[in-house]
Amino acid sequence: MRQAVTRAMGGYGKTVAAILYAHEYQNDYPGGRFFLPIESGDIAAALASLITPLGLSSANDPKADAALVSATLKDGQPSLLILDNVASKAAWTAMLDAGLVPRGNCRVLITTRDDTVAQKHDIAIGRLEPEEAREVYRLFCVDRATSAGHAPALPPADIADAITAWVGGLAVAVAAVAAFMKLNPDISWEEHWLGDGKGLVGLKNMTDIELPDVLPEVAAQLGLEGKALEDHRRTLRVIDDAIKSLPAPERRAVDYAALLPADMAPAVWLETLLEADAARPGPASGDAADPLHLTLTKKPFSKASPARAVLEHLDALDILLPGGEGGKLLSLHRLWHARLNEPAHGAAADRGALLMSIAACVLQRRDTVIGDDIDNPRVLTDPTLRWELTPLARVCAELWARGLPGPAAKIGVWLVAALRVLGRLPEAAACLPLSPETDGSVERALGSIEFAAAYSNLATIQQDQGDLAGARASMERAIATLQKHFGPDDPNLAALYSNLASIQQDQGDLLGARRSIERAIAIWSKHLPADHPNFGSAYSNLATIQKDQGDLPGARRSLERAIATLQKHFAPDHPNLAALYSNLALIQKDQGDLPGARASIERAIAIDRKHFAPDHPNFATAYLNLAGILRELKILDEARRWADEAVRIHTKVHGPDGSLLSFSLSALSKVQRDQGDIVAARATLDRVFAIDREHVKPDHIDWGYNYHNLGDLELAAGNREKACDHFREALTILRRHFADDHSSIQRVFKSMKAAGCTP
């Protein structure tokens, strides 16, 4: 082979690779090895500089000198000529056309970023793999231990790989870290990566502008033949040069990826964004040109769309690689991501427009992850869609952080529904950080009705997290908005009053809750016929309030009225009826009608099985209710089977630490306790405590229930004093939320009486 091409983006090591080749095979080139920077494209001036090293007489004419050098290399002993950093295919073609590139006995090795140069002889160099980077660390630092004393010479594999990932496998950056550690033997690898907590900032927490190769002593270690690493070869310079060298479509894709969360750029989003930019009016169209207009060209003989081809090219360049979720999420080179997000970078002027494009693209994903029913989003029944929720939530939160509350709220108002039903409450809350400062922008973007819905959604999240005061304030804000614009009897207000009733009920304000649900019924009564389905949900909610008030007969009448109302409109196996039968079962259970309760919950399960996949979260709730009824009936083996099934479903849907998993684990622990399996019950309850510590505040209602369950467990184990202590803890927490006549507190009193405890 007379010609070879070492191709890589800046900083990956193509120049070093070429020079190492020259050293490794020096005996094959007795005619000499020559290295010429060729960024300028002036082949004549570059070759003319070899007149003196070759011992030739100069004609004082660069072209004549270059021709003499070329002929000498061609006809002399075998030699190697390295032309470093050829700018482009066009530049290389111009050099060949000049007729000065040596042939014959001279072999030419060029380095370039352009992957279209001499593709037949292309040797691609990309990111360092972890094992390659470890070898770099070893070569620099193998002697470090002799002067380090306590600090090991080489990094542990996990820290080495973490550092390599942090610098994106960029060869020059890896070498800089290795050189820094060689020069600082008293710093351990752990300290360099994580910091020492005493003022030494770890690499993990540094910005990209603090990379080790900015230090002169490190640059000296990385130089060649005693010379320091030139400034233009340092990490940030080569990244900047590489970014500038990208064709416009690739640069646009990289700019979009940099504005998305690190390692979370969905390929489908980037393709959509590029195609949308290509569809914008261009300079030749009748409309005014859009500044984000992009020209995408279909490659000959390529099956990929132009947008997909752009992503494939960036993959080939090791800039944007397939990452998580089986390659659906793309990972932009870490240092590129950091560099492009610096405010002073060249893309900053377009950042606002690019963010708005991302917001519009993300908004389009609603139909995919939610579908037509916001209360039963597609992600519940199609787990393959859940991968998209994390980048959606991150982008929504990022839009809020970047001062774009309107576009952020348009996404958050529907995304929180999917996140909430999956128990991903912190992410859901971050999607709707509503505040008086942003209310104006959000209401203008959404309209008053959707603005009220946003506050209503936020209230339900706050309620789930145990922030009942915040939830009540948010729901009252939603109600005030609708009242201001549409009057006190607007039909949309009824649903908000119903939601407010649920919050008041959790607060223990049962009278207020009853007034709110009755207000909802009164508003609907002005707009809807008496047997409208909305009254079904309203009377169902009223029934739960009456149940907490201890009015079980009234609760049963209300729930039976709700069922009768829905039966007039829906088939006997309609899914809306399943929830009502499940609630009826709980009332029957409290009334002592256990056979009736079992029949009702089994009817609810039978209805759900006609409509939902076996792992739908509805089944977990229903199975927990069935397990509780069977526990009361002393059918413990069957109760445990259903509790285990609820745990399995919650684990599959929400993960091993999901917030909703604590409900099914609590139920399982009760069954295990009743079975006399105290060890298993305690282990299960320990898991409940661990999960709730991560998800709910210390004074959340759930902690009252947890301590009540722990007290019952200690009592079953014969530890009466511990049991009484836990009952008192439960009572203290629950009294912050409920009056003493509340059913939850009455149950604690009953347990304390059985244990002989004093309040």
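- Checking side-chain atoms of E388 against main-chain N and O of L385 turns up no donor-acceptor pair under 3.5 Å.
- Formation of a donor-acceptor pair under 3.5 Å by the R735 side chain with backbone atoms of D740 is not found in this model.
- The pair R378-D367 fails the salt-bridge criterion, with no side-chain N (NZ, NE, NH1 or NH2) lying under 4.0 Å from an Asp/Glu carboxylate O.
- Heavy atoms of other residues, nucleotides or ligands lying less than 6.0 angstrom from CD of E694 number 12 at most.
- Aromatic ring pairs are classed by plane angle as parallel below 30°, tilted from 30° to 60° and perpendicular above 60°; the pair Y707 and W703 is tilted.
- Between H708 and F727, the distance separating the two ring centers is shorter than 6.0 angstrom.
- Under the 30°/60° scheme for interplanar angles, the aromatic rings of H616 and F619 are found to stand perpendicular.
- Side chains of S474 and Q462: a donor-acceptor N/O pair is present below 3.5 angstrom, by distance only.
- For residues 391-414, every residue pair satisfying the side chain to side chain donor-acceptor pair (under 3.5 Å) rule, not counting sequence neighbours, is listed here: N341-R402, E398-R402.
- In this model, a donor atom of one side chain and an acceptor atom of the other lie less than 3.5 Å apart for S516 and Q504.
- Residues R682 and E714 are paired through a salt bridge, judged by an N-O separation under 4.0 Å between the basic side chain and the carboxylate.
- H726 contributes no side-chain N or O that, together with a main-chain N or O of L710, makes up a donor-acceptor pair within less than 3.5 Å.
- Within a 6.0 Å sphere centred on NZ of K328, heavy atoms belonging to other residues, nucleotides or ligands number more than 12.
- Using a distance-only test at 3.5 Å, with no hydrogens or angles considered, a donor-acceptor pair links the side chain of R720 to the main chain of A755.
- A salt bridge links R728 with D725: the closest approach of a Lys/Arg side-chain nitrogen to an acidic carboxylate oxygen falls below 4.0 angstrom.
- Side-chain contact, D644 with Y623: no donor N or O sits under 3.5 Å from an acceptor N or O.
- Under 4.0 Å is where a charged nitrogen must lie from a carboxylate oxygen, and between D590 and K547 at least one such pair does.
- In terms of modelled atom types and a separation under 3.5 Å, the side chain of H695 and the main chain of D657 share a donor-acceptor contact.
- Remark: the S744 side chain and the Y705 side chain contain an N/O donor-acceptor pair separated by less than 3.5 Å.
- Between the side chains of N499 and Q463, no donor N or O sits under 3.5 Å from an acceptor N or O.
- Taking the six-membered ring where the residue is Trp, H650 and H654 present tilted rings, their angle falling between 30° and 60°.
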